[in-house]
Amino acid sequence: DTAVSQTPKYLVTQMGNDKSIKCEQNLGHDTMYWYKQDSKKFLKIMFSYNNKELIINETVPNRFSPKSPDKAHLNLHINSLELGDSAVYFCASSQGLSEVETQYFGPGTRLLVL
Amino acid sequence: GDSVTQMEGPVTLSEEAFLTINCTYTATGYPSLFWYVQYPGEGLQLLLKATKADDKGSNKGFEATYRKETTSFHLEKGSVQVSDSAVYFCARNGGYNKLIFGAGTRLAVHP
């Protein structure tokens, strides 16, 4: 009955590799997000999608490509991984784009690039 | 640009002590304001929110009041427990429902 789930939970990989992180929500929400949390715990939005349409792309390198096959899924593909991509990536969802909406977060994917 | 500033941690308290974590924001207009909590090894959970000036959000003994005069949303709890140990994030809405977070404040509560 997990509301927002992410796979994998941990990802260790070499520089230069390509990897994907998957996110699914079973809340029936229209909007999904990706956030990045760095080693100092600072959280910053990367992308958001509403009804499979890209809404926010927050100056993220184009090595990062989100894909939303349907409203319940938002995956994140990363090409040519760099050391600086090491972080915790959180997926979130909300009912819609209203500014009063609560966002529900997944458990995070810890990515370590060696 | 729009931002959120929180007091730096860590904050270390004894059980049953009073907690205040300061948060101020910059914005044009009156954004919704949030406190999220992150327990060790977990994702973020909404703790409380306020969507307009003078609103008070409350949950689990925590509360925060939206003060437009001082652009603040300080988090308070009258008596903390060991189980409250976590990282607390203040956030404001930045348009299209994106959240702009403060740097987070780590709270450690000792018995």
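Naming: A, B, ... by sequence-line order, numbering from 1 per chain. Source: prediction; values computed, not measured. Just so it is clear, the values below take in all heavy atoms, side chains as well, and ignore hydrogens, waters and symmetry mates.
The part of Q37(A) that comes within reach of chain B is its side chain, from C-beta onward, which places non-hydrogen atoms under 4.5 angstrom from that chain. Contact of L99(B) with chain A is made through backbone and side chain together, with heavy-atom distances under 4.5 Å. Proximity to chain B (any heavy atom under 4.5 Å) is shown, for K44(A), by neither the backbone nor the side chain. Interface residue K98(B): backbone and side-chain heavy atoms are both found under 4.5 Å from chain A.
Rounding to the nearest 0.5 angstrom, the gap separating the OH atom in Y30(B) from the CD atom in E99(A) is 14.0 Å. Atom NZ of K41(A) and atom CZ of F101(B) lie 13.0 Å apart (nearest 0.5 Å). Here OH of Y96(B) is found 8.5 Å from CD1 of I56(A). Values are rounded to the nearest 0.5 Å. To the nearest 0.5 Å, atom CG of residue L44(B) and atom CG of residue L43(A) are 5.5 Å apart.
Both I21(B) and L47(B) are members of a single hydrophobic cluster when ILVMFWY side chains are connected at heavy-atom separations under 4.5 Å. L75(B) and Y66(B) fall within a single hydrophobic cluster, where Ile, Leu, Val, Met, Phe, Trp and Tyr side chains are chained together by heavy-atom contacts under 4.5 Å. Following chains of ILVMFWY side-chain contacts shorter than 4.5 Å, one can reach M15(A) starting from F64(A), so the two form part of one hydrophobic cluster. Both V4(B) and L48(B) sit in one connected hydrophobic cluster of ILVMFWY residues. Membership requires side-chain heavy atoms under 4.5 Å apart, directly or through other members.
Heavy-atom neighbours of Y25(B) OH from other residues, nucleotides or ligands within 6.0 Å: above the threshold of 12. Residue E69(B) qualifies as enclosed at atom CD: its count of foreign heavy atoms under 6.0 Å is above 12. Other residues, nucleotides and ligands contribute more than 12 heavy atoms inside 6.0 Å of the CD atom of E58(A). Within 6.0 Å of CD in E42(B) there are more than 12 heavy atoms belonging to other residues, nucleotides or ligands.
Y36(B) places a side-chain heavy atom less than 4.5 Å from the side chain of Q103(A).
Listed here is the closest heavy atom pair of N97(B) and S94(A): ND2-OG, 3.3 Å.
Taking R106(B), Q38(B), K52(B) one by one and counting their heavy-atom pairs under 4.5 Å with chain A, the maximum is reached by Q38(B). The most heavy-atom pairs under 4.5 Å with chain A, out of G43(B), G104(B), A50(B), come from G43(B).
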